[in-house]
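First the structure, in the form of structure tokens, and then the observations on it.
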Amino acid sequence: MKYTAVKGMHDLLPPATAQWVFIESTMREIFGRYGFAEIRTPIVEKMPLFVRSVGQTTDLVEKEMYTFIDQGEEALTLRPEGTAPVVRAYVEHSVHQKDPLAKYYYFGPMFRRERPQKGRYRQFHQIGVELLGAAHPFADAEAIVMLVDFLKTVGLRDVRLEVNSIGCRKCRPRYNADLQHFLQSVAGQLCEDCRRRMVKNPQRVFDCKETRCQQALTDAPTIQDFWCEECSEHFTGVCNALDAQGVQYWINHRIARGLDYYMRTAFEVVTHIQGAQNAICGGGRYDGLVEDLGGPDTAGVGFAIGVERLLMLLEAQEQALPIATAPPIYFALLGEGARRAALPMLAQLRAQRKVVEWDYDGRSLKSQMKRADRLNASHVVIIGDDELGKEEAMVRDMATKEQIAVPFTQLVTHLQGKADAA
Ligand code: HAM
């Protein structure tokens, strides 16, 4: 029996984990500056939470959820996204009673049973943000400004921020009816998927990548002609606030979003490098969701970034990401006696926040030196029988290749100033 990871789910090994740590710590630093704090919710939720919030007829709920019956009692789902769990927690803990504004971010795995391909996985990770309790367009703009700040800080270039308003419960039905009417007139040119979307969720046809569908949609009505006054004002407010903060964006009235809880502002960060999987980030406003999930009437806006897609893009543009640890001091120890003598020195150096590496099993000097090279060691401390007898070590500076003898008693002090590995 060969044991392998589940299809579409991936292991993450060093040194790649270092890039994730960098992304995660940048997230904490940037989002912290805007007054957001981390929230952690369980990976498993009760299934009806997603059916109610994401929507019964969405692709996500219809075919992509990992749901199981827990001991024959209750349907549980591996979370496919983070907004519904965060809102559930917000309502469950009556957060609104303590503070009218709640500003959260999260980092974690999400699960969707999609057809795996490059940039699309069954377990993937999101960096998400939810800003609850603010209905003003300044809140939408602040979320977007923070997103752009983060993407710039990690070094992402050549992406487009596209912004739209998908209307509200008042004005969208009129638009959907008009769009449906149009789609019926071109139904013969649409793919099977789009013909299905046309009935259930007509705005989703704009996401279709088929050329023939794109061509058929050239003259399709777009949402801005149907906005009610409030939606129109809100959108102008968001754009003005973005302009005032120097954010570059494109207005794309065809952004639809695949989850039902959205209203008004919808935005995406897209790239053209990856072909079909071109969305790095998606987000928008979801006033009404808190109430739908049993809470008070509360506004909400947020976004989520796909971490795998972000890293893939950074790699494609050859963005150098930091490595996790500083170069170590490597102890090449020959014989049991040398290893024993080195133990207190290892402890003292580590107590001084130096990164120290050694070999537990005492392989040959050659293989230990090879490992020191591979680990990019700044210094190698060599202790063999001779050195042990004289109670001194040979210290080799790997950059200059200089090697000097240092008494055991002075070794820690000697290395203190040298290798700055903290
Ligand atoms: P979403 O557009 O479904 O939105 O997902 C956000 C991002 O997650 C996508 O833009 C993409 O980068 C990444 N993503 C989605 N599915 C996959 C997959 N199968 N493999 C790899 N990456 C993927 C949401 O999830 C909303 N909860 C965002 C939000 C937060 N809206 C308001 N607040």
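Values below: all heavy atoms of this structure, side chains included; hydrogens, waters and symmetry mates excluded. Whatever order the structure lists them in is the order used to number ligands and atoms, beginning at 1.
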Original post:
Arg79 and Glu81: salt bridge (charged side-chain N to carboxylate O under 4.0 Å, His left out), yes or no, with the steps?
Top reply: CA-CA 6 Å; Arg79 64 177 184 197; Glu81 63 99 50; over 6 Å; no
Taking NZ, NE, NH1 and NH2 as the nitrogens, is one of them in [X] or [Y] under 4.0 Å from a carboxylate oxygen of the other?
X      : Y      : result
Lys370 : Asp373 : no
Arg122 : Glu114 : no
Asp361 : Arg371 : no
Glu192 : Arg196 : no

Original post:
How does Phe303 reach ligand 1, by side chain, by backbone, by both or by neither, if only non-hydrogen atoms under 4.0 Å count?
Top reply: backbone
**OP:** Could you see which bit of Met110 sits under 4.0 Å from ligand 1, with heavy atoms only: side chain, backbone, both or neither?
**Re:** neither
Nearest-neighbour protein heavy atom for [atom], which is reported as residue plus atom name and distance:
atom                    : result
atom 20 (N) of ligand 1 : Tyr121 N, 3.0 Å
atom 9 (C) of ligand 1  : Ala279 O, 4.0 Å
atom 13 (C) of ligand 1 : Gly306 CA, 3.6 Å
atom 31 (N) of ligand 1 : Tyr262 OH, 2.6 Å
atom 19 (N) of ligand 1 : Glu114 OE2, 2.6 Å
atom 21 (C) of ligand 1 : Gly119 O, 3.3 Å
atom 24 (C) of ligand 1 : Leu259 CD1, 3.7 Å

For residues [X] and [Y], establish whether the separation of their ring centroids is below 6.0 Å.
X      : Y      : result
His379 : Tyr330 : no
Trp227 : Phe235 : yes
Trp20  : Phe22  : no

When only distance counts, is [X] in polar contact with ligand 1, meaning an N/O pair under 3.5 Å?
X      : result
Glu308 : no
Glu81  : yes
Gly284 : no
Arg120 : no
Tyr286 : no
Phe124 : no
Ala304 : no

**OP:** Would you indicate whether the side-chain heavy atoms of Val356 and Pro328 approach each other to under 4.5 Å?
**Re:** no
Original post:
Regarding His125 and Glu308, is there a side-chain donor-to-acceptor distance under 3.5 Å anywhere?
Top reply: yes
Original post:
Taking atom types as modelled, is there a side-chain donor on Asp140 or Thr265 under 3.5 Å from an acceptor on the other?
Top reply: yes
Give a yes/no on ligand 1: does [X] have at least one heavy atom closer than 4.0 angstrom to it?
X      : answer
Ala84  : no
Leu310 : no
Leu60  : no
Gly128 : no

Original post:
Taking atom OH of Tyr90 and atom OH of Tyr104, what is their separation to the nearest 0.5 Å?
Top reply: 7.0 Å
Original post:
Atom OG1 in Thr298, atom CG in Leu132: separation rounded to 0.5 Å?
Top reply: 7.5 Å
Suppose I only count heavy atoms of [X] and a 4.0 Å limit; which atoms of ligand 1 are within that range?
X      : value
Arg257 : 1 (P), 2 (O), 4 (O)
Glu130 : 30 (C), 32 (C), 33 (N)
Val129 : 33 (N)
Tyr261 : 26 (C), 27 (N)
Gly282 : 10 (O), 28 (C), 29 (C)
Ile280 : 10 (O), 12 (O)
Thr83  : 26 (C), 27 (N), 29 (C), 30 (C), 31 (N), 32 (C), 33 (N)

**OP:** Ignoring hydrogens, just give me the one of Glu268, Met312, Gln126 whose non-hydrogen atom is nearest atom 25 (O) of ligand 1.
**Re:** Gln126
Original post:
Can you name the residues that form a ring pair (Phe, Tyr, Trp, His ring centres under 6.0 Å) with Phe68, not counting sequence neighbours?
Top reply: none
**OP:** Could I get the full list of ring pair (Phe, Tyr, Trp, His ring centres under 6.0 Å) partners for Phe31, not counting sequence neighbours?
**Re:** Tyr105, Phe150
Original post:
salt bridge (charged side-chain N to carboxylate O under 4.0 Å, His left out) between Glu402 and Arg396: does it pass, once the steps are laid out?
Top reply: CA-CA 6 Å; Glu402 271 169 7; Arg396 184 174 169 84; over 6 Å; no
